[in-house]
Amino acid sequence: MNQNQSLNQSLNPNLKQSTPLHISFRTPLEHFTLDIDISIPSSGITVLFGPSGCGKTTLLRCIAGLHNAEHAQLSINGDLWERQGCEQQGVHLPAHQRAVGYVFQEPSLFPHLSVKNNLLFGHRRAKQQSPLSLEEVSQLLGISHLLQRMPDKLSGGEKQRISIGRALLSNPGILLMDEPLSALDYATKAEIIPYLEQLHERLSIPIIYVTHALAEVESLADHIVLLDQGRVTAQGPIKEMMLDLSAPLAHFSNAGSLLDAVVSHYDAAYDLTEFSVDGGTVTVPGNIGVVGTAKRIHLSASHISLTRQAALDSTIINILPVTILEISQADTAQCNVRLQLGKHSQILARITRRSKDKLALKTGDKLYAQIKGVSLVKR
Amino acid sequence: MNQNQSLNQSLNPNLKQSTPLHISFRTPLEHFTLDIDISIPSSGITVLFGPSGCGKTTLLRCIAGLHNAEHAQLSINGDLWERQGCEQQGVHLPAHQRAVGYVFQEPSLFPHLSVKNNLLFGHRRAKQQSPLSLEEVSQLLGISHLLQRMPDKLSGGEKQRISIGRALLSNPGILLMDEPLSALDYATKAEIIPYLEQLHERLSIPIIYVTHALAEVESLADHIVLLDQGRVTAQGPIKEMMLDLSAPLAHFSNAGSLLDAVVSHYDAAYDLTEFSVDGGTVTVPGNIGVVGTAKRIHLSASHISLTRQAALDSTIINILPVTILEISQADTAQCNVRLQLGKHSQILARITRRSKDKLALKTGDKLYAQIKGVSLVKR
Amino acid sequence: SQYLPADTARIAVSSNFTIAAQKLALLFEQTSTHTIQVSSGSTGKLYIQIRQGAPFDLLLAADMERPQRLFDEGYANTAAFIYATGKLVLWSRDLAEVSSGLDVLKSKAIRRLAIANPKTAPYGKAAQQVLDNSISSPYPWTLVKGDNIAQTYQFAASGNADAAFVARAQIALDQRGYAWDVPQSLYLPIHQGALLLKRGDNNPAAHAFYRFLQTDKAKSVIQHYGYISQ
Amino acid sequence: MLDAILLTLKLATLTTLILLILGIPLAWWLAQSRGLFKDMIATLVSMPLVLPPTVLGFYLLIALGPDSPLGQLLTSIFGAPLTFTFSGLVIGSVIFSLPFMVQPLRNTFESIGSRPLEVAATLRASPLDTFFSVVLPLSRQGLLTGSIMTFVHTLGEFGVVLMIGGNISGETKVLSIAMYDYVESLEWGKAHLIAGGMLCFSFIVILSVTLMERNSRKGSRL
Amino acid sequence: MLDAILLTLKLATLTTLILLILGIPLAWWLAQSRGLFKDMIATLVSMPLVLPPTVLGFYLLIALGPDSPLGQLLTSIFGAPLTFTFSGLVIGSVIFSLPFMVQPLRNTFESIGSRPLEVAATLRASPLDTFFSVVLPLSRQGLLTGSIMTFVHTLGEFGVVLMIGGNISGETKVLSIAMYDYVESLEWGKAHLIAGGMLCFSFIVILSVTLMERNSRKGSRL
Ligand SMILES: Nc1ncnc2c1ncn2[C@@H]1O[C@H](COP(=O)(O)OP(=O)(O)OP(=O)(O)O)[C@@H](O)[C@H]1O
Ligand SMILES: Nc1ncnc2c1ncn2[C@@H]1O[C@H](COP(=O)(O)OP(=O)(O)OP(=O)(O)O)[C@@H](O)[C@H]1O
Ligand SMILES: [Mg+2]
Ligand SMILES: [Mg+2]
């Protein structure tokens with residue numbers, strides 16, 4: 001049946017794009033068994049998130065064909081890459097025939113090749129010409145001045161950026177990135193993240209991304225998979241997952257929500273961009289893009305305060321009318337409040353239990369959300 | 001003169017503690033020259049902060065005696081470790097005679113030793129018995145279950161924690177840590193950071209700490225050194241540096257300030273701890289400590305809003321009266337506002353230029369600071 | 001290729017006779033159109049090689065035993081003839097006493113005596129016979145054995161052995177040291193056999209050289225090199 | 001004498017080349033995940049060293065000779081027996097020098113570890129491609145050591161060569177045999193000359209190769 | 001015969017041990033940062049292989065003999081000349097097998113790289129301590145290869161041994177000489193026996209050592 005499917009898809013390239021990736025592995029590790037069975041969208045960035053040693057790297061290795069699992073089923077972009085341990089005939093595409101781009105957790109440059117030849121190693125071997133060029137990628141990763149160096153004379157962050165570039169240039173069908181930005185400074189990250197965002201659209205390939213940095217989760221993720229001790233504890237589209245008060249994300253100390261927004265005005269005098277969001281406007285510093293540009297905005301839950309009346313003489317510039325949809329305990333001291341914004345949007349606020357009682361907040365109350373801490377993230 | 005000094009100090013061990021570390025190196029790198037000449041306090045945590053490839057690792061290597069600089073002068077805890085390239089007689093303490101604990105940027109466990117023997121490698125060779133025990137350290141780093149494993153079967157984060165443990169157990173006189181927490185998840189970091197904080201007090205040794213994570217800077221740093229292209233661009237005590245509107249830190253998007261606070265009350269019903277700070281009280285979720293405990297609080301500048309009147313029906317629980325000391329442009333759209341709090345404290349707020357003009361804020365104005373986003377950091 | 005024009009013969013020569021054989025080949029070539037190629041080796045090796053098809057036409061062995069065996073085994077059509085008989089000498093680089101005979105072997109002057117390996121070298125066998133006939137063991141010196149007669153000479157010539165039983169041929173051209181000719185009565189004669197191999201039967205050059213060996217001219221050369229040749 | 005020099009160089013070069021061709025795949029196979037069978041083969045590779053060269057030559061002579069099935073087979077293939085020919089010498093030298101090539105190569109291959117291979121695979125390099133573009137360049141030191149040891153050993157070897165070659169000038173009489181002959185026939189002056197020449201020559205060749213390898217490595221780092 | 005077997009084992013074991021003691025520091029020194037001088041020494045280490053064993057033996061015989069200053073010195077130290085003694089054999093074997101030990105060790109040492117040494121230094125291990133607690137354990141494969149090659153080569157070597165040993169029963173007559181003698185004197189049955197025995201013995205010894213090393217390595221991973 002699965003073979004039929006992949007047959008169909010190779011006949012119809014459009015269909016191929018929309019087939020979800022099916023990832024299912026079972027393999028024993030030292031202290032527990034990695035046991036994963038998920039389907040993730042075939043486009044966009046899926047973030048793998050979980051504590052140290054929970055099996056993230058092992059999962060990526062399974063997908064890349066570097067770790068042999070006892071039970072496995074893996075279809076990527078409609079092609080069956082692996083099937084082990086079930087009744088049907090085993091399939092195991094060797095690693096070098098899988099079109100993955102893998103950024104390893106530990107820097108893994110070839111010591112005998114210059115930076116340039118490292119970058120071009122996969123590029124030269126790609127089945128189809130990569131739409132990215134060496135110049136573009138090295139420009140963007142800030143490594144143009146390193147091209148002639150040997151890897152042993154590079155700093156940690158330089159090595160990491162070259163690994164990223166090498167994977168990108170190999171024209172992969174799926175990108176596996178294991179904490180690719182961990183050794184980079186804030187400014188470099190801030191340059192690379194938007195590039196990664198664009199990338200998966202330009203190349204229209206799925207990206208599986210491991211990170212410990214919630215900031216990266218929020219700005220990059222379309223889909224999130226939470227792992228613990230080798231098992232999936234929750235997964236889903238990031239927007240929904242962040243708003244699901246029973247899911248783990250809402251309990252993190254830096255919970256938040258994402259909002260779709262369209263640039264509606266640019267105030268050149270103050271260098272402020274105004275977005276229209278469902279149910280109001282949000283103003284953000286800087287010139288973000290021409291009017292009409294669609295963006296995604298991240299609102300940190302603990303930086304949203306709720307008031308019964310809109311304060312007027314405050315430096316808070318973003319004040320939106322909201323309605324309480326749900327209140328739920330976040331920890332012993334604090335509550336998460338899910339709020340309706342406009343017709344179809346929802347945002348999350350984190351307040352102390354005491355404030356909740358003091359203001360006697362309950363479902364259905366109409367309030368104003370004062371928002372500090374807006375950050376732009378995507379699109 | 002320097003020799004006199006170190007002579008004096010060896011006679012007077014108390015004096016030794018308070019001699020600042022003198023670190024001065026000049027060595028050519030590929031694209032620029034590392035040229036550093038700083039004095040840092042002999043206790044507390046000094047954070048080295050700077051973009052990828054600016055020379056942080058090289059500086060640590062110089063201090064550890066792993067990189068030979070052309071010009072060098074290094075006195076640690078009152079002992080002269082190195083003197084090169086000046087008129088006086090050269091001194092170069094070999095690396096193994098320098099009591100450093102070095103956590104390398106890349107995991108560097110001995111592949112032939114079990115985790116336990118890796119941890120004990122330096123412990124066994126320490127001149128004096130380390131005050132830390134294997135049990136304590138491995139407990140705290142969450143690696144007790146790994147002791148019998150070989151390093152090739154560990155995850156990236158596990159390796160990193162073991163490297164930290166190994167350096168701690170070697171009973172160092174100075175701890176050099178190169179992005180020690182980069183591969184760790186939020187929860188693990190949150191457990192280790194307070195431990196590192198305690199540590200430098202218990203062991204009373206200086207720690208030089210490289211990181212790209214501002215959260216780590218804020219929670220750990222006593223002193224900060226900013227590097228760029230091999231040169232020091234700014235340095236000083238973290239509290240002052242954060243408030244110095246002309247220094248680079250105040251221009252980062254996540255600028256903030258630190259406040260000393262003492263636990264004054266615990267509200268068991270709502271699980272809230274009240275701190276008294278200079279000029280008011282600040283309430284924080286959770287049970288932080290017994291009344292009287294001194295702590296350090298971090299206030300993120302962009303999460304402080306300023307109002308002319310205190311809003312009463314808001315979920316914001318921390319509202320403090322403040323006076324504007326200084327307003328300065330942070331970027332084209334935003335201002336940093338330095339505020340006087342109580343008699344001796346200062347905090348930083350970040351507002352849009354438009355709000356500043358709308359509220360006609362100027363130096364001397366008395367306002368209320370509404371604070372969301374209080375985080376506890378230290379002590 | 002290993003097939004030579006018919007007027008070239010390859011002769012396999014026992015190591016101890018190499019120099020003499022080369023001289024003989026030179027003389028032979030002056031008086032004929034044929035060419036001779038000399039390959040040397042220990043007789044034991046040559047025997048094995050011939051059995052394994054080595055392209056030799058003629059064998060000049062160090063003993064009679066192995067040519068005889070080759071003949072018996074059908075590697076030759078005619079039996080071997082004695083082209084030379086070796087003479088054993090007791091030789092020392094530094095000790096003049098050896099010139100006066102075997103008595104020196106009973107004195108303290110000799111700490112190490114070298115002979116060739118009796119198992120593999122005919123001169124060794126002869127030297128062993130001399131010792132067996134004239135001195136009772138245990139010997140007052142250490143007996144060291146060279147792999148062949150050349151090594152034995154090297155032991156003594158380098159001063160590592162005080163004296164050695166070597167071949168007259170080895171000292172014939174070099175007047176260094178002190179030598180004593182061991183009486184023929186003390187050992188069985190060291191007859192060296194020449195064998196025309198089957199391969200050489202069809203080779204005019206081999207035949208010609210085989211005949212040349214029996215000429216007086218050849219015999220005088222052989223004697224010149226320290227062998228007895230009738 | 002020029003004959004012998006050329007023959008020696010030809011033999012040493014050919015042996016080294018053939019051993020590179022044979023030894024590289026063998027060593028690579030041995031360096032991959034181990035098992036009892038592989039350990040046994042690896043042990044067998046060292047066996048040529050156990051026997052004295054002459055004895056090994058003796059057995060090779062018999063094995064390649066007209067009485068053995070192998071010898072008969074080879075004779076029917078090559079039209080003539082391989083014993084007492086240059087080809088026979090090459091076979092003998094290859095067998096005898098096998099461990100000199102295989103052991104260092106195997107160690108170097110093992111020291112590369114699996115990471116570079118994994119990285120290459122994720123960059124779409126087939127195992128063969130990986131071998132040539134990653135494994136061999138990372139094994140330069142081992143290749144150098146193996147080649148030098150093989151070359152030098154072939155220069156100096158004479159036991160095997162004497163036995164299966166038969167000391168035929170222009171065909172199988174190499175320098176080591178010539179040197180041996182001179183020592184045996186007490187022409188020490190000539191022996192000294194050859195020994196000195198060979199030592200100087202090898203010293204210069206090996207040193208040059210070492211320096212060239214070092215320079216080219218440095219060059220590739222620029 | 002038992003004499004010869006014991007003597008052979010004693011010689012091979014002693015040579016291997018001595019070469020471990022001499023070769024390890026030499027290889028380590030060579031593996032450290034390179035220079036022309038080191039490359040020259042490294043090249044010299046290979047030189048014993050260039051000369052045919054008998055010729056090398058011949059020169060050793062002269063060098064250790066009573067005419068040479070070295071020989072006189074050694075004689076005055078040991079009370080008697082070393083030629084034709086077991087000690088002489090050991091010296092010869094050590095010189096001749098030097099490259100077998102040093103080359104693999106040097107390669108392994110080089111493949112360790114500087115990182116483990118740096119880590120050890122920051123953990124207060126002196127260079128010597130680092131050498132024993134880090135370098136040697138990480139070089140097990142090279143030590144094994146070097147020891148096996150040396151051991152095996154000493155078993156099979158007879159050219160040098162014959163020359164400086166003088167084939168004295170119980171003192172310098174080792175198995176390889178015995179084997180050679182049997183081949184030369186056409187007692188092939190006995191030669192086969194010794195050759196077979198030596199091959200089997202070495203095969204078993206090497207295989208066991210290899211397996212033991214593998215197991216102990218696995219063991220230390222538990
Ligand atoms: N061995 C070396 N020789 C010469 N230059 C080097 C060497 N190692 C690194 N460099 C260069 O020196 C500069 C500083 O390197 P360093 O490793 O100290 O940076 P870093 O501040 O630690 O960066 P990162 O945050 O990326 O680790 C970089 O430009 C790097 O390319
Ligand atoms: N080769 C291996 N064989 C067996 N177990 C392993 C191996 N490598 C890692 N493990 C164990 O498997 C578990 C998962 O490892 P993995 O590397 O996948 O973790 P991770 O989620 O990537 O963690 P980190 O964030 O620390 O990198 C860990 O407990 C680790 O100790
Ligand atoms: Mg990992
Ligand atoms: Mg660094």
Side-chain angles (χ1 to χ4, degrees), chain B residues 57 60-61 63-68 93-128 130 147-154 162-163 165-178, chain E residues 20 24-25 27-29 31-35 38 104-147 209-222:
Chain B
T57 300
L60 294 194
R61 289 174 59 82
I63 297 174
L66 302 177
H67 183 108
N68 287 331
L93 207 64
H96 70 278
Q97 287 172 18
R98 305 186 180 194
V100 300
Y102 194 158
V103 180
F104 287 80
Q105 186 170 10
E106 283 156 29
S108 312
L109 301 180
F110 295 119
H112 64 294
L113 296 178
S114 68
V115 167
K116 186 173 171 189
N117 286 328
N118 262 286
L119 285 168
L120 291 177
F121 192 95
H123 197 59
R124 295 192 175 122
R125 289 167 173 80
K127 287 263 151 27
Q128 280 134 37
S130 168
L147 293 182
Q148 302 311 316
R149 292 239 210 124
M150 293 307 285
D152 59 349
K153 304 235 159 146
L154 297 175
I162 290 153
S163 305
R166 188 173 61 177
L168 295 180
L169 284 168
S170 72
N171 195 22
I174 178 171
L175 204 48
L176 308 175
M177 308 184 88
D178 202 346
Chain E
L20 276 173
I24 288 174
W28 179 238
W29 179 74
Q32 306 297 79
S33 65
R34 299 169 148 213
K38 280 197 187 171
L105 275 181
R106 178 165 166 241
N107 281 356
T108 328
F109 287 157
E110 278 181 356
S111 74
I112 291 177
S114 61
R115 180 47 65 95
L117 312 183
E118 293 186 351
V119 175
T122 67
L123 292 168
R124 231 85 78 245
S126 67
L128 199 70
D129 182 356
T130 303
F131 187 75
F132 284 105
S133 55
V134 176
V135 176
L136 283 189
L138 287 178
S139 309
R140 294 169 69 149
Q141 187 59 46
L143 285 168
L144 191 68
T145 305
S147 304
V209 173
T210 308
L211 293 179
M212 261 160 54
E213 201 273 344
R214 181 138 64 90
N215 276 347
S216 81
R217 209 191 302 189
K218 216 188 278 159
S220 77
R221 301 221 158 171
L222 280 180

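First the proteins, then the strands, lettered A, B, ... as listed; each starts at 1.
When all heavy atoms of Val119(E) and Arg166(B) are compared, the pair lying nearest together is CG1-NH2, 3.2 Å.
Contact count versus chain E (heavy atoms, under 4.5 Å) is highest, among Ala99(B), Ala167(B), Ser163(B), for Ala99(B). Interface remark: of the candidates Ser108(B), Ala126(B), Ala95(B), Ser108(B) forms the most heavy-atom pairs closer than 4.5 Å to chain E.
Looking at Arg115(E), only its side chain comes within 4.5 Å of chain B, counting heavy atoms on both sides. Using a 4.5 Å cut-off between heavy atoms, Asn171(B) touches chain E through its backbone atoms (N, CA, C, O) alone.
At a cut-off of 3.5 Å, with distance as the only test, no side-chain donor of Arg124(B) or Ser133(E) sits close to an acceptor on the other residue.
Annotation: the span from Ile24(E) atom CD1 to Arg106(E) atom CZ amounts to 16.0 Å, rounded to 0.5 Å. Between Thr122(E) atom OG1 and Arg61(B) atom CZ the span is 10.5 Å, to the nearest 0.5 Å.
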